[in-house]
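Values below: every heavy atom of this structure, side chains too, minus hydrogens, waters and symmetry copies.
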Amino acid sequence: MLPLIVLLATGCDDLGRNAAKVFPVLEKVNEDYAEPSIDCEPPYPTPSPRSNGIVGTLTCGSVIEGNTSNGTKLWGSDFYQAAHCSVERKQWEASPELIYKLVVPANLEAEVKLVSDCVDLDLVGVGWSDDRIPKPEHGRSITQCDMDISRKGGKLRLNAVGHDWTYLVGVDGKAGAAGNFRLSVKCYTFR
């Protein structure tokens, strides 16, 4: 009876998480009841994007933590639709994104995983080898784009057949969302 009283005495926002501590099966019913696997406060330090808009480089085995609040606003719904990343319009232009460069070695597949328990951030992978960041007018030039708009993160599988392949990996929010995240890259033999 005491756990129930403790649950009822807490605020409504924490009720689900507190209930899941007593009844772990509730995490399977609603993933929002699970404890965050990353810290939500304070903001993770993140380098500012360089002049070309790229904040850093990812490689196989990378694990980075960052915060999108000091990102750029180079991509949005118009870009994601032009590049055929997503048919949905989610007000991405209102949120800053961080863009990383990832070169996948020949005949490997990179699994890029985003964890964003604190805010709703999305993951995008764009096949692109130019030094400048693509814009909506480059949509026809983009031959590969994939996006995971799952809540609390997501994952992409980006591969390179026959030769190294360069991707831009973006972490973007919707409707002004910005916050902490963890991004990891694991590579596997593809062929």
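- L108 has its side chain out of reach of N159: every pair of non-hydrogen atoms, C-beta onward, lies at least 4.5 Å apart.
- To the nearest 0.5 Å, atom OG of residue S95 and atom NZ of residue K73 are 7.0 Å apart.
- The salt bridge (charged side-chain N to carboxylate O under 4.0 Å, His left out) with D122 is formed by just one residue from the set K152, K174, K155; it is K174.
- Side-chain contact check for S184 versus K113: some heavy-atom pair is nearer than 4.5 Å.
- For D148 (side chain) and L123 (main-chain N/O), no donor-acceptor pair under 3.5 Å exists by modelled atom type.
- Using modelled atom types, one side-chain atom of T68 and one backbone atom of G179 make a donor-acceptor pair closer than 3.5 Å.
- Here the side chain of N180 pairs a donor or acceptor atom with the backbone of P42 at under 3.5 angstrom.
- Legend: residues meeting side-chain hydrogen bond (donor to acceptor under 3.5 Å, both in side chains) with N70, ordered by chain and number and at least two apart, are absent.
- Taking Ile, Leu, Val, Met, Phe, Trp and Tyr as members and joining any whose side-chain heavy atoms lie under 4.5 Å apart, directly or through other members, the hydrophobic cluster of L168 also contains I54, L74, W75, F79, Y80, W92, I99, V124, V126, W128, I133, I142, M147, I149.
- A distance of 11.5 Å separates OG of S116 from CG of N67, quoted to the nearest 0.5 Å.
- Residues V112 and Y167 are not in side-chain contact: their nearest non-hydrogen atoms beyond the backbone lie 4.5 Å or more apart.
- Of the possible polar contacts, none joining the D164 side chain to the V103 backbone as a donor-acceptor pair under 3.5 Å is found.
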Exercise. Passes side-chain contact (heavy atoms from CB on, under 4.5 Å), D39 versus Y44? Steps please.
Worked result: CA-CA 8 Å; D39 294 330; Y44 290 150; 3.7 Å; yes
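- Of the N and O atoms on the side chains of D117 and S37, at least one donor lies less than 3.5 Å from an acceptor on the other residue.
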For this session: Run the numbers on Q81 and S86 for side chain to side chain donor-acceptor pair (under 3.5 Å), then give the verdict.
Result: CA-CA 6 Å; Q81 287 189 320; S86 176; over 6 Å; no
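- No donor-acceptor pair under 3.5 Å is formed between the side chain of Q91 and the backbone N or O of G176.
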For this session: Give the C-alpha distance, both sets of side-chain angles, the deciding distance and a yes or no for side-chain contact (heavy atoms from CB on, under 4.5 Å) between T72 and E97.
Result: CA-CA 5 Å; T72 60; E97 75 274 340; 2.9 Å; yes
